Amino acid sequence: MKYSLVSRRTKAALLAGGALVLPQALHAQDAGTLDAEEVGDEAVADVADEGNVIVVSGFRESLNAAVAAKREAVGQVDVIVAEDIAKFPDTNLAESLQRIPGVAIERDAGEGRQITVRGLGAQFTRVRVNGMETIATSVDGASSNRDRAFDFNVFASELFNSIVVNKTASAKLDEGSLGAVIDLSTGNPLAYGAGTKLVVTAQGRYNDLNDDISPRLAGLAAWNNADETFGVSASVAWSKYETAELGNNSVRWANNATFRSVGGVDCEANPADPGCVEVREAFHPRIPRYGLVNHERERLGATAAVQFRPTDSTDIEINALYSNFKEDRDEYWGEVLLRSNEDEIDVVDYTIDGPNLVSADLSNAWIRNERYHRESETDFYQVSGRFEQRFGDFTATLSGGFSKSDATIPVETTIIFDDRDGDYSYDYSDMKFPRLTFGTDVTDPGNFQLAEFRDRPSRVENKFKTIALDLEYEPVHGLTLSAGPFYRKFEFFTTSARRDSQYCSAFDCAPGAYGAPVTPDLAELFELGDAGQPAGNTNAWIVPDLDAAVAFLDLYNIPAATREGDERGVSEEVTGGYFQTDFEIDPGVRMTGNFGVRYAHTDQSSQGFVSGQYVNVDRSYDDFLPAANLNIFPADNFIVRGAIAQVITRPTLGSLTPGGSVDEFNFRISSGNPFIEPYRAWNYDLSLEWYFAPGAILSLAGFVKDIESFPVSASREITYAQSGLPTSLLTSGTPAYDAVVNGTDPGRLFESRTTINGEGAVIKGLELGLNLPFSAFTGADFVSDFGILGNVTYVDSNRDEEFGGEIYEITFPGVSKYSANGTIYYDNGRFSVRVSGAYRSDYNTGGSGNGNFLEGFGSTFNLDASIRYKLTDNIELLVDGNNLTDQYRYRWTDDPTRRNYENNHFGRIIMVGARVEF
């Protein structure tokens with residue numbers, strides 16, 4: 001086995017978010033290659049102290065590299081590196097990030113999508129790819145990501161070789177984050193060494209919930225000349241798979257709705273009847289249902305890079321990254337539409353538990369069988385370049401690039417069958433697994449009419465242009481002065497259209513009909529499968545045959561009307577510069593650190609429709625952001641780190657539009673505020689790190705984020721006429737349309753929501769981390785090949801929020817009070833096994849509706865495992881298992897009652913394959 005020594009220069013570039021350290025990197029002018037037996041544990045420590053990192057192939061050694069990089073960093077940094085060439089530790093970048101203290105992830109379709117860092121959600125985290133800030137956008141269960149959050153599921157993990165999480169700010173580091181700046185690197189060609197290298201990985205992916213077997217392929221090719229002054233590399237990764245999401249959904253609960261009758265009593269004629277009153281005041285599910293959401297995904301990614309280093313003083317790099325992420329989402333629901341139809345439904349029998357109408361038998365119920373189909377695609381492009389030139393003690397680095405993320409939904413179709421006089425019963429005695437039973441034959445097409453259809457194409461586009469010049473001067477050893485200007489331009493635009501209608505509003509209907517008769521050729525039978533449902537649940541029903549129904553309606557030839565409230569954009573130009581001093585002194589005890597200031601001038605332009613007119617609103621603001629980091633070494637293996645910085649996160653994109661949109665089912669008008677202030681905060685950090693053995697660390701970090709102001713939603717009641725919005729925004733068949741247009745009542749009250757600058761708050765927390773190779777306590781025996789790593793994070797993010805005239809103490813959206821990760825591993829160089837568990841306590845996702853206070857998710861525990869066996873030095877067998885406990889995801893509405901919103905599971909995933917290196 002060979003060890004490779006990575007130079008101080010390369011490691012510094014890694015920590016700055018630039019060049020990548022590959023685990024088997026041979027790029028090092030000041031380092032050679034040593035046989036393993038020539039390097040003992042003491043030598044490893046010595047090399048790390050001298051500013052070099054020893055990196056070898058294998059999981060344990062990748063942990064050693066990460067520990068060494070963390071040790072030598074000036075700020076609080078966590079690093080994940082690939083185990084070997086083109087071999088990232090996890091199949092998903094977000095799932096790797098959750099191994100880092102203070103990081104929790106949010107999942108979509110069972111896989112990691114976005115992250116939360118130290119109590120702040122994805123919109124507060126900036127992500128840079130190859131040193132350049134960017135945004136990647138995908139589509140979740142509701143819509144495209146229309147904010148600053150970065151969607152990690154857009155990329156194949158095989159394309160990346162390192163993740164660096166910068167938890168503390170410095171003047172040199174890009175502004176825009178209250179949480180963290182995350183650097184993703186795709187690698188540098190010269191890191192692969194002279195000659196040609198080729199790596200191919202192939203796996204089969206099996207999901208036990210739908211028995212889907214799918215391919216996952218990746219490959220990397222690199223070539224360097226004999227002098228290692230010129231190199232090229234390219235990689236590609238492709239996968240195609242299906243994930244089933246089986247479970248139930250209530251689409252929230254509501255109260256204060258009068259049913260037609262309760263226990264035979266006419267509630268309109270007898271509004272004071274005790275039964276009518278208690279049923280009206282209790283919360284009932286709006287659309288109780290079981291169903292399947294099937295995700296068919298295809299992900300293609302590619303990288304290309306050229307690197308030229310003609311002398312030790314000149315380094316030129318060009319990197320390109322492309323990703324294409326497609327998903328077809330298909331939903332099959334059997335439901336009852338209580339929402340807005342209560343006055344036509346009879347409650348025959350019922351049970352009330354606390355504030356909830358926990359079970360009920362209904363007649364004249366609106367049975368609705370729904371088929372939903374959405375096609376989405378994200379194309380991501382990035383081209384970036386870096387030119388570094390050294391002149392003795394002076395270094396100049398010019399970098400720049402362009403990125404674009406284009407997320408489109410060309411098709412988002414819903415076809416609805418209704419039976420508006422059916423019998424139905426529900427029982428939510430078990431909130432997570434209710435019993436939902438149809439008393440009407442829901443497998444007979446003759447009982448239904450094609451009542452409604454929708455199609456809602458949309459698009460979201462993000463663009464970044466960046467250029468920066470970094471100047472660095474080292475007048476004496478231990479002192480470095482750096483400064484430089486920068487320019488960034490960010491552009492966001494989103495639009496959507498609709499071709500929604502009730503059938504009888506678009507076509508002629510027979511007298512008394514509310515839709516077209518459903519014939520067998522328009523329907524297909526759906527059978528539920530394992531959704532955790534109890535005995536007595538109805539598990540089969542017809543749903544629209546999508547292709548037949550679309551052809552019957554000629555749906556896609558119906559003109560789509562652009563939604564004014566959903567067409568908006570934001571453009572930001574940021575110019576500025578920074579000055580920073582890095583130092584290393586030893587007045588009896590070694591100290592390192594930096595201090596400086598960053599200046600950013602932001603020109604913001606927001607566009608959107610106001611009362612039918614497209615308007616543009618301009619503004620600008622300035623920020624001076626001081627930052628300082630100090631590290632004290634009381635002993636060679638112990639570091640005390642402190643940091644203080646003023647930081648900002650620019651406002652959420654949805655808040656900046658001058659326009660608005662109408663929620664036609666909840667009588668709500670939402671509009672933005674182009675003059676909302678950025679989130680501004682002072683961050684204070686203190687950590688203790690004990691490197692008690694080679695490759696080992698025990699760390700404790702505390703942090704405080706004193707946030708000056710949080711933009712908050714402000715709400716007031718207005719009439720629809722007072723909004724100034726045209727009635728053409730209302731869609732036929734919705735409650736708002738019926739109330740305002742058909743009822744000719746523009747005085748109908750609506751809730752008007754906008755965003756204002758609210759009060760500030762303080763987020764504080766603790767992170768405890770451990771990386772313990774058992775070789776720290778034993779000799780060269782079997783036990784020394786084992787190790788553990790783990791972390792626990794506690795976040796206190798309480799703040800006050802008003803609801804219903806009362807003040808409640810709540811946590812910030814997206815913040816779990818506790819999160820933890822742990823991994824047990826065995827690695828002897830040829831055979832390795834890893835078992836990892838990730839826990840996240842419950843958290844809220846923000847405001848709700850229909851009289852519910854907050855929404856959120858319950859606690860989760862995910863268990864994954866990985867097995868590797870090297871048949872030869874060039875052939876490795878792979879087995880990965882994800883979500884081995886088949887964790888359900890429980891979403892609730894209202895706190896503290898936590899009524900069921902949805903409860904789904906996604907199946908266990910097993911991947912088997914091989915990796916071959918030439």
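Nothing here was measured: the structure is a model prediction, and the numbers come from that model.
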Taking everything shown except L768 itself, do over 12 heavy atoms lie less than 6.0 Å from its CG?
->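 Atom CG in L768 is packed in, count exceeds 12.
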
Judged by atom type as modelled, is there a donor-acceptor pair below 3.5 Å linking the side chain of [X] to the main-chain atoms of [Y]?
X	Y	answer
D212	E242	yes
T885	L863	no
H905	D530	yes
S816	S841	yes
N92	G112	yes
Q887	F861	yes

Hey, are [Y] and [X] close enough side-chain-wise for a donor-acceptor pair under 3.5 Å?
X	Y	value
D211	Y206	yes
Q114	D151	yes
E767	N791	no
T872	N874	no
D880	Q203	yes
N319	T303	no

Run the salt-bridge test on [X] and [Y] with the 4.0 Å N-O cut-off and return the result as yes or no.
X	Y	result
E327	R297	yes
E855	R891	yes
E111	R299	yes
E106	R113	no

Determine the interplanar angle of the Y888 and F433 rings, folded into 0 to 90°, and report it as parallel if under 30°, tilted if 30 to 60°, perpendicular if over 60°.
->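 Answer is perpendicular, since the angle exceeds 60°.
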
Option from R205, R908, M911 for which side chain to side chain contact (heavy atoms under 4.5 Å, CB included) with N882 holds =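 Exactly one pass, corresponding to M911.
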
Please say which of D842, D796, N844 ends up in a side-chain hydrogen bond (donor to acceptor under 3.5 Å, both in side chains) with T811.
->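 Looking at D842, D796, N844, the match for T811 under the side-chain hydrogen bond (donor to acceptor under 3.5 Å, both in side chains) is N844.
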
Pick from N903, N900, N904: which one makes a side-chain hydrogen bond (donor to acceptor under 3.5 Å, both in side chains) with N248?
->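 By the side-chain hydrogen bond (donor to acceptor under 3.5 Å, both in side chains) criterion, N248 pairs with just one of N903, N900, N904: N900.
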
Would you please indicate yes or no on a ring centroid separation below 6.0 angstrom for F325 and F380?
->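 That pair fails the under 6.0 Å test.
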
Regarding R868 and the six-membered ring of F59, is the cationic atom NZ or CZ under 6.0 Å from the ring centre and inside 45° of its axis?
->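 Negative - R868 is either too far from the ring of F59 or too far off its axis.
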
Exercise: identify the closest heavy-atom pair between Y825 and I788 |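 Minimum heavy-atom separation between Y825 and I788: CE2-N, 3.7 Å.
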
Please report the C-alpha distance between R71 and E689 in whole Å, then the side-chain angles of each, then the deciding distance to 0.1 Å, and finally whether the salt bridge (Lys or Arg N to Asp or Glu O under 4.0 Å) criterion is met.
-> CA-CA 8 Å; R71 180 174 180 170; E689 298 172 4; over 6 Å; no

